[in-house]
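Take a look at the structure below.
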There are 6 protein chains.
Amino acid sequence: MKPKKVVSFGEVMLRFSAPNYQKIEQAKRFELSYGGSEMNVSASLARFGLEACHITVFPKNLIGQKAINYLKELNLDTRFVKLCGDRMGLYYIEKGASMRASQIVYDRENSAFQNLDPEWFDWEEILSGADWFHWSGITAALSQSAATACLDAVKTAQKLGVTVSSDIYYRSDQWKYGKKPQEILPDLASYSNVLLANALNMRDLLGMEMPEGEDQFERTCRNTMDQYPTIKKVVNTERIQISSHHNKLSSMLFDGEKLLNSQETDISYIVDRVGGGDAFLGGFIYGQLMYEDNLKSIRFGTAASALKHTIEGDINLADVSEIERVMEGDFSGKLKR
Amino acid sequence: MKPKKVVSFGEVMLRFSAPNYQKIEQAKRFELSYGGSEMNVSASLARFGLEACHITVFPKNLIGQKAINYLKELNLDTRFVKLCGDRMGLYYIEKGASMRASQIVYDRENSAFQNLDPEWFDWEEILSGADWFHWSGITAALSQSAATACLDAVKTAQKLGVTVSSDIYYRSDQWKYGKKPQEILPDLASYSNVLLANALNMRDLLGMEMPEGEDQFERTCRNTMDQYPTIKKVVNTERIQISSHHNKLSSMLFDGEKLLNSQETDISYIVDRVGGGDAFLGGFIYGQLMYEDNLKSIRFGTAASALKHTIEGDINLADVSEIERVMEGDFSGKLKR
Amino acid sequence: MKPKKVVSFGEVMLRFSAPNYQKIEQAKRFELSYGGSEMNVSASLARFGLEACHITVFPKNLIGQKAINYLKELNLDTRFVKLCGDRMGLYYIEKGASMRASQIVYDRENSAFQNLDPEWFDWEEILSGADWFHWSGITAALSQSAATACLDAVKTAQKLGVTVSSDIYYRSDQWKYGKKPQEILPDLASYSNVLLANALNMRDLLGMEMPEGEDQFERTCRNTMDQYPTIKKVVNTERIQISSHHNKLSSMLFDGEKLLNSQETDISYIVDRVGGGDAFLGGFIYGQLMYEDNLKSIRFGTAASALKHTIEGDINLADVSEIERVMEGDFSGKLKR
Amino acid sequence: MKPKKVVSFGEVMLRFSAPNYQKIEQAKRFELSYGGSEMNVSASLARFGLEACHITVFPKNLIGQKAINYLKELNLDTRFVKLCGDRMGLYYIEKGASMRASQIVYDRENSAFQNLDPEWFDWEEILSGADWFHWSGITAALSQSAATACLDAVKTAQKLGVTVSSDIYYRSDQWKYGKKPQEILPDLASYSNVLLANALNMRDLLGMEMPEGEDQFERTCRNTMDQYPTIKKVVNTERIQISSHHNKLSSMLFDGEKLLNSQETDISYIVDRVGGGDAFLGGFIYGQLMYEDNLKSIRFGTAASALKHTIEGDINLADVSEIERVMEGDFSGKLKR
Amino acid sequence: MKPKKVVSFGEVMLRFSAPNYQKIEQAKRFELSYGGSEMNVSASLARFGLEACHITVFPKNLIGQKAINYLKELNLDTRFVKLCGDRMGLYYIEKGASMRASQIVYDRENSAFQNLDPEWFDWEEILSGADWFHWSGITAALSQSAATACLDAVKTAQKLGVTVSSDIYYRSDQWKYGKKPQEILPDLASYSNVLLANALNMRDLLGMEMPEGEDQFERTCRNTMDQYPTIKKVVNTERIQISSHHNKLSSMLFDGEKLLNSQETDISYIVDRVGGGDAFLGGFIYGQLMYEDNLKSIRFGTAASALKHTIEGDINLADVSEIERVMEGDFSGKLKR
Amino acid sequence: MKPKKVVSFGEVMLRFSAPNYQKIEQAKRFELSYGGSEMNVSASLARFGLEACHITVFPKNLIGQKAINYLKELNLDTRFVKLCGDRMGLYYIEKGASMRASQIVYDRENSAFQNLDPEWFDWEEILSGADWFHWSGITAALSQSAATACLDAVKTAQKLGVTVSSDIYYRSDQWKYGKKPQEILPDLASYSNVLLANALNMRDLLGMEMPEGEDQFERTCRNTMDQYPTIKKVVNTERIQISSHHNKLSSMLFDGEKLLNSQETDISYIVDRVGGGDAFLGGFIYGQLMYEDNLKSIRFGTAASALKHTIEGDINLADVSEIERVMEGDFSGKLKR
């Protein structure tokens with residue numbers, strides 16, 4: 001059987017991590033890895049055995065070549081990666097401990113990706129044969145040209161019958177190029193099938209009414225779905241932060257009729273929480289494509305996200321059987337030989 | 001006073017550890033150490049001040065020479081180590097975190113040790129003056145020649161009045177050379193004085209009847225001792241696995257009449273659990289030889305095992321006073337200056 | 001507004017840390033940093049934006065030059081550091097885990113600092129314009145000449161109206177040069193304004209009567225203040241040690257009339273506890289100079305100390321806003337972008 | 001224009017390198033990389049922009065998965081890599097200096113590759129559309145099944161008109177499975193078009209007569225070509241070893257009529273000489289496919305090999321323009337910005 | 001005696017170095033340091049015991065704070081460093097070997113420094129009491145505002161009688177903001193006293209006539225001095241590049257009347273050549289201020305530059321006595337105890 | 001045949017090496033090893049297969065225990081190592097390059113060894129069965145008690161017929177405890193059989209007349225042997241220092257009648273020159289005991305010393321066959337598989 005095929009679109013950044021628990025000010029070297037919300041999602045799916053193709057732009061120099069090598073190593077299809085421009089966005093991270101917070105410093109302005117030309121991407125070709133397309137609001141927030149490319153992509157996806165998931169789980173203060181999210185995102189949402197958002201996102205970014213009360217999320221979802229009839233599901237994650245090392249995770253899905261809730265997963269020792277949300281989405285999409293069961297999708301996504309927290313770097317390297325074991329409640333960490 | 005002398009026999013493997021919490025797939029270098037169940041036991045005892053001699057086989061090349069250096073550094077007597085053959089068994093390990101399990105990949109087939117010739121070892125000379133001999137079922141599982149060498153050793157030990165401890169705490173699926181454990185282990189058990197085993201081991205490996213019920217362990221021990229009258233004590237450890245970082249340990253000993261139970265020890269932050277069982281045995285044997293008190297032996301062994309979980313590598317590097325402090329209930333980790 | 005100015009005096013040692021959780025016996029390399037109780041205090045204050053000047057002695061060689069560079073990097077004023085002598089005191093540290101204790105081995109005898117000549121320091125010039133002077137009993141314990149320099153300093157400070165804080169939180173067994181603490185410390189205490197000590201310190205080092213009972217600390221403080229009328233405040237920290245990773249911290253201040261107690265702060269994952277007491281003092285002095293509020297001073301000091309436990313090395317690298325957040329009870333470790 | 005396509009077949013080993021100039025006995029960690037004569041060749045070609053597909057066998061475990069990731073990172077087509085078996089061949093290396101020799105210890109017996117089943121490879125499919133197939137004598141030396149797979153491959157290649165290069169530059173003492181090279185290699189040679197061999201190889205492995213005299217290589221080539229009419233070119237490299245750091249390289253090609261000689265290239269500071277011969281072949285094949293000029297092919301190959309000596313690991317990471325610059329005699333190492 | 005005081009102005013970049021001889025594509029971590037042509041010069045002078053103040057701009061975040069710490073560690077006066085903006089320029093470097101060239105990839109566009117506001121710098125205050133001001137053409141090439149700040153600085157320097165050295169040893173292709181060097185540099189040169197330039201620089205950047213012939217440099221200098229009467233000395237360095245490891249260095253100075261030539265210095269093993277030219281200038285300025293002898297200045301500068309090539313990073317950490325020893329011809333590298 | 005047995009006596013220091021070519025000021029970690037002139041000699045001999053016992057004193061703490069482990073790893077007999085005192089001598093080293101010299105900073109005052117009690121060593125027992133005893137002048141220079149222990153040792157050695165080699169190749173400025181070398185060394189020399197010294201040592205330390213002229217060494221040796229009739233051989237090494245990376249070594253021996261000269265050995269790339277002289281002595285003593293040929297002894301010693309220069313650390317890890325190959329003139333560094 002042909003494996004399912006997923007396409008994602010978004011910036012990939014160099015990640016410079018201060019070693020161990022060193023603060024950035026203490027670091028004399030940085031560990032190098034990569035991360036980008038949408039690529040993190042498709043890397044999960046490549047690992048789960050699906051065909052995954054990531055679309056991005058890297059600078060046309062040694063740094064860009066190195067980044068492509070990395071995507072290949074992750075088993076991502078890089079045929080449509082564009083090499084152009086001079087610099088790669090990057091971020092620095094120091095890891096918190098106990099009550100000390102982790103800190104990220106971004107340096108992504110004027111990146112090769114931000115300066116992309118929407119004409120570079122032939123979405124008909126790229127999305128041909130795909131089952132799922134994933135993008136996120138951060139891409140639309142980077143530049144007008146990136147937003148335009150998103151719109152081209154989702155329109156084409158809808159035309160070709162490719163399911164579109166839209167992660168708009170981002171802050172409105174990220175929009176720096178003169179447009180407000182409300183000017184850009186509604187159009188993009190109208191070509192979406194699955195939305196990752198909380199109630200505040202739907203209110204602030206899509207302009208939905210957000211009623212007060214216990215069923216706030218559910219009712220805001222209903223409002224959204226009323227306005228955007230292509231959106232059939234809204235998913236959301238919740239994180240209780242006890243300390244830098246200790247979080248509790250859960251997720252929910254509204255399918256237009258009822259609200260489904262995943263298990264709550266306790267992560268008692270966090271190795272690296274960056275990419276936890278993307279790991280959820282990777283797991284969720286896997287569930288949608290392979291289990292075709294909404295509850296199992298968010299349960300699998302939540303377990304995938306929990307395991308991601310135990311792995312260094314943005315990318316979830318857990319495999320399906322490992323996630324299923326956690327999904328079924330086995331937290332023992334029993335040594336595998 | 002002459003220190004007590006202990007002899008152990010078994011394979012020593014190279015251990016390649018992925019750094020920190022990296023998965024094997026992420027590692028670009030491996031930290032190098034060594035481990036082997038029986039050597040781990042005698043290394044504990046060398047550290048506690050006893051004379052300890054380990055018998056093994058290393059390949060006759062740079063890798064074997066390096067391994068001998070390591071045993072010397074541990075203060076083990078290496079006079080009887082045989083250098084022969086081409087390869088050293090090895091294993092790769094990645095460390096789990098929270099609900100993610102640690103994983104070990106073995107690569108020990110066709111090792112120098114597996115291909116040993118039982119004629120190489122003059123057990124009369126090796127065991128001369130020894131107080132204790134330790135071996136384990138994994139050795140008997142490796143090859144017919146290794147099993148034969150075990151049998152030679154335990155027979156000679158019995159003849160010379162050397163106490164024999166037999167750790168058969170292993171899985172039956174490790175037997176690959178055509179023999180079943182039931183064809184080999186009973187003969188070896190008949191020359192043993194102390195057995196490390198749980199009820200399932202006694203049933204599966206020695207063919208004992210294992211009654212149901214709360215006193216299952218005790219009754220299976222009685223059955224074993226009835227059949228193997230040289231066996232005077234059976235010890236066993238129990239591990240409750242809350243997560244990769246958090247375990248609870250305890251141990252028990254049946255002396256033919258009554259069941260003794262150690263304290264339960266909470267290990268709230270595990271650094272490295274490999275070798276934890278061997279550290280128990282090292283502590284237990286120390287207790288047998290130095291305290292001559294069964295309860296104190298399992299209490300000391302349990303505290304030794306707990307401390308091993310806080311130390312990198314297979315070998316327990318805790319010393320006697322440190323273990324006694326933990327045995328007495330001090331878990332404060334108060335800074336020592 | 002001119003920033004407040006603080007001066008401290010004391011030895012700075014090289015610190016050799018075994019990597020990660022390695023024991024000293026396992027280490028093949030040592031991570032290099034620096035520490036010294038009084039310098040740790042002024043480094044905190046430099047970081048908080050105050051002008052901080054540390055007085056010490058380094059050997060006149062590459063090792064001493066390297067140490068000066070380090071103090072400069074910490075933004076400490078090094079104009080009065082004396083380069084003389086051959087060796088720098090040093091200490092080795094291995095980090096404990098769970099019930100295994102951290103261990104420190106000192107090698108500080110005959111250091112350049114210990115052999116200082118009190119004539120080297122022109123305290124009138126050094127303390128000119130200062131708001132606060134800090135020293136500790138460990139300095140007085142090192143050598144007669146170091147004790148003499150302390151006395152010169154505190155006398156000058158009192159003359160110039162500079163507040164003097166005296167940390168006598170040290171053990172009496174550190175006094176090796178022939179004098180007992182009781183022969184030296186009382187004179188020094190008589191020129192102090194703020195004392196860091198517990199009841200035992202006041203009894204053993206200053207010869208105070210230490211009544212039994214729940215209000216022991218408070219009553220011993222009263223005795224001390226009766227005898228040393230310049231002392232206006234006594235502060236003390238308390239640490240509950242659950243394991244090497246888990247401590248609870250609190251502090252108290254007696255202002256001559258009432259006892260103030262800080263919040264108790266839970267540190268659920270300790271990265272490095274060395275320098276925790278100095279971080280408290282740094283925070284406390286900051287509170288005294290900037291908040292001019294005793295309760296807030298010990299609350300800020302306790303939060304500063306807690307954050308220090310999450311940072312590698314002797315020095316507290318947390319900044320004011322981070323500490324205030326923890327002081328106000330936010331332990332969530334929420335990622336800062 | 002469709003890029004040229006190359007297929008190679010052979011074992012890939014894990015490579016454990018002692019850091020810097022440490023001897024294996026000193027190493028506490030090993031840097032991890034990969035190497036295998038034939039893969040090294042195709043990795044060069046992938047880097048030069050050709051389509052390169054490597055055929056090999058990896059164990060079906062974490063170690064094998066990691067190895068596949070690595071090949072992907074090198075931009076090799078891994079579609080036909082077979083995952084089966086338990087262990088990966090490996091080798092340890094320490095780097096020499098000055099008059100001290102580098103040392104390699106192999107541990108490759110019983111590897112997944114050695115135990116391959118020739119039926120796994122459908123060479124018609126694998127070689128479809130290929131321009132070149134490369135294999136080496138070391139593969140034929142590993143096991144009967146590996147030799148059989150080689151024969152299947154070269155027969156199919158000849159049938160499909162794919163050029164076959166055969167590197168028989170190996171020692172006869174590597175043949176351990178009961179066959180002599182003379183029983184296996186002649187058959188394989190008869191399906192070859194380009195041979196890498198020196199005169200001794202042709203004599204010892206193919207049974208050619210090797211006349212004495214200055215034109216020994218040329219005359220032995222003639223004998224070989226007489227007997228193996230499909231062989232149209234024989235290439236050979238020469239290395240003058242002044243020290244571990246300093247070698248001189250050259251190469252020659254006999255085209256059936258005349259002997260062509262490359263430049264002699266001085267490598268004054270060697271970083272890592274392993275894979276130098278494979279880098280020559282990679283460059284040579286590039287020259288054959290892209291320049292279609294024999295002299296330029298060995299000149300480019302020699303420059304490629306020289307640059308490989310300045311790069312860590314088995315794989316030549318130099319690119320075409322860099323090699324051409326060296327081929328044209330620029331050794332200045334002028335900083336590129 | 002008051003030490004001489006030097007002020008420099010220019011961008012400081014983060015430097016990410018691939019470890020050892022790894023190519024950027026191989027690196028999994030980068031060693032972190034800093035470099036910037038003008039700062040490199042003043043860091044040399046701070047090390048030689050002069051008072052040195054560097055003027056630059058760092059981003060107002062953790063990365064900028066870290067950079068300031070570094071300048072302090074180098075003993076540079078950072079009082080006038082401006083914290084503003086979001087990003088720090090950076091560059092990646094891989095080290096060549098033998099005939100393989102080192103490579104640098106810059107990522108410095110839109111840095112905090114490039115976007116500086118000339119109003120930030122009160123040059124009257126900054127240059128008060130200074131003996132020397134140093135800037136370079138790369139600063140003028142970055143942006144109009146940086147060029148304006150340069151002009152403000154050199155004008156003020158001339159007014160205050162501070163000697164100005166101008167390093168225009170840069171390529172014309174670095175000018176990207178719309179101005180040509182010929183539109184900017186002549187004005188700046190007219191406020192200079194010492195010029196670092198070769199004949200091509202004087203022709204291309206200042207528009208001087210460059211006659212052919214052996215005395216080309218000397219005659220171009222005369223032309224320059226005719227046009228720019230404040231310029232009293234032109235210095236230049238020459239580098240013969242034998243390989244990445246082996247260079248020969250010399251320098252020359254034209255004083256308006258005669259050409260002085262330094263010794264030629266052979267560097268047989270280069271550790272890191274970046275910053276070699278800046279080390280020359282640092283040494284040269286030291287000679288001008290301390291020896292007041294032109295020949296000795298270029299001899300000391302050349303020796304300083306040679307020693308820099310043996311030191312990791314952009315900064316010359318050699319001290320005066322070490323440089324004088326090399327200047328006098330001692331290349332033995334005799335161990336200093 | 002019983003292996004020859006060698007005993008040595010002297011201090012062993014911790015060695016802290018700045019990584020790669022970092023200067024001490026740049027280092028953030030130090031690589032840890034050990035060195036001591038006399039231990040370096042016996043470690044060579046242990047490696048060559050002789051029985052070697054080193055006598056020293058280590059502090060009675062974790063640092064001393066770690067040091068003993070190291071000696072055991074080197075296969076040295078540590079039965080007579082005394083654990084007493086608080087500190088271990090240590091030294092810091094940075095590695096030079098090209099014309100930059102390596103630098104060592106010692107911190108060995110007041111070490112456990114320096115404060116030894118001569119009564120601790122029962123030389124009759126220690127030297128029983130030994131063939132050779134080695135000591136050096138640095139030990140006699142450390143303290144009166146160390147000198148006394150040396151004297152006890154050499155007297156006993158002479159009584160027992162053990163050959164004594166005395167390395168007085170040290171500077172007179174190392175004598176700090178109030179005695180001049182001329183007050184101590186002559187007595188020690190009178191119990192020696194083999195002397196390592198150059199003409200200046202014999203003049204300055206033993207008070208010999210040193211005639212001018214080409215045969216200065218030979219004639220000074222004659223004078224020494226006249227005065228010290230037990231001395232039968234004087235050996236000396238010569239080093240031509242071209243750069244930090246490039247030295248030439250040779251050695252000579254005067255046997256009372258004629259002067260023998262070794263080959264001159266070119267070391268074109270030095271990894272670590274510390275311990276080079278000790279490696280010569282280790283090789284020389286091996287030659288004396290195994291070859292019983294003076295010329296071969298200095299030839300083997302010179303080759304051993306050359307190989308030591310290619311190995312990190314104080315200890316020569318080359319083996320006999322490797323040294324013999326170099327002794328016979330093979331400098332090719334040909335890869336060993």
Side-chain angles (χ1 to χ4, degrees), chain A residues 13 15 17-29 35 37 89-108 138 141 169-174 238-248 266-277 309 314, chain C residues 17 19-22 31-34 43 47 70 73-75 95 97-98 245-249 263 265-273 276 279 302-319 321-337:
Chain A
M13 290 174 284
R15 168 183 160 151
S17 309
N20 302 321
Y21 290 106
Q22 284 182 11
K23 288 181 69 62
I24 283 172
E25 282 184 69
Q26 297 175 296
K28 299 300 169 186
R29 56 185 172 88
S37 179
L90 52 93
Y91 75 94
Y92 304 89
I93 183 167
E94 67 179 37
K95 198 176 286 185
S98 208
M99 79 288 286
R100 177 163 66 84
S102 295
Q103 294 200 51
I104 285 179
V105 179
Y106 286 105
D107 175 10
R108 66 193 297 186
I138 184 63
Y169 199 60
Y170 287 95
R171 305 181 308 273
S172 56
D173 64 1
Q174 292 174 319
E238 293 216 335
R239 179 190 294 274
I240 300 171
Q241 308 196 38
I242 297 156
S243 75
S244 275
H245 278 92
H246 189 187
N247 282 195
K248 288 171 196 282
D266 190 75
I267 315 169
S268 57
Y269 181 86
I270 294 175
V271 170
D272 185 347
R273 56 156 281 179
V274 179
H309 285 72
D314 280 52
Chain C
S17 310
N20 303 322
Y21 290 108
Q22 284 181 11
E31 307 295 338
L32 180 60
S33 61
Y34 294 88
R47 196 158 185 90
Y70 179 73
E73 188 189 337
L74 289 174
N75 207 12
K95 199 176 286 184
S98 209
H245 278 92
H246 189 187
N247 283 192
K248 288 170 195 282
L249 281 186
Q263 76 281 24
T265 299
D266 190 75
I267 315 168
S268 57
Y269 181 85
I270 294 175
V271 171
D272 186 346
R273 55 156 284 179
T302 300
S305 181
L307 273 161
K308 163 61 205 66
H309 287 71
T310 70
I311 293 169
E312 288 282 359
D314 279 53
I315 311 295
N316 189 12
L317 300 176
D319 59 30
S321 65
E322 212 172 354
I323 297 168
E324 286 180 336
R325 193 177 53 73
V326 169
M327 180 174 71
E328 287 150 15
D330 179 357
F331 284 60
S332 68
K334 191 164 178 302
L335 180 62
K336 288 192 280 190
R337 295 180 196 252

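The model shown is predicted, which means the values in this text are computed figures rather than measured ones.
For a residue to count as touching a neighbouring chain, one of its non-hydrogen atoms must lie under 4.5 Å from one of that chain's; by this rule A:Gln103 touches chain C with backbone and side chain alike. Of the two parts of C:Ser33, neither the backbone nor the side chain holds a non-hydrogen atom closer than 4.5 Å to a non-hydrogen atom of chain A. Neither the backbone nor the side chain of A:Tyr91 comes within contact range of chain C, judged by heavy atoms closer than 4.5 Å. A:Arg273 touches chain C through its side chain: at least one heavy atom from C-beta onward sits under 4.5 Å away, while N, CA, C and O do not. Both the backbone and the side chain of C:Ala306 come within contact range of chain A, with heavy atoms under 4.5 Å apart. For A:Lys28, the part lying under 4.5 angstrom from a heavy atom of chain C is the side chain only. If you measure heavy-atom distances from C:Asn20 to chain A, the contacts under 4.5 Å come from the side chain alone. Residue C:Glu322 touches chain A through its side chain alone, counting heavy-atom pairs closer than 4.5 Å.
If you tally non-hydrogen atom pairs under 4.5 Å between each of A:Lys23, A:His246, A:His245 and chain C, the highest count goes to A:His245.
Of residues 330-337 of chain C, those residues lying under 4.5 Å from chain A by any heavy-atom pair are C:Phe331, C:Ser332, C:Gly333, C:Lys334, C:Leu335, C:Lys336, C:Arg337.
By the 4.5 Å heavy-atom criterion applied to side chains, A:Gln22 and C:Glu31 are not counted as neighbours.
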Test side-chain contact (heavy atoms from CB on, under 4.5 Å) on C:His309 and A:Met99; report intermediate values, then the result. CA-CA 10 Å; C:His309 287 71; A:Met99 79 288 286; over 6 Å; no
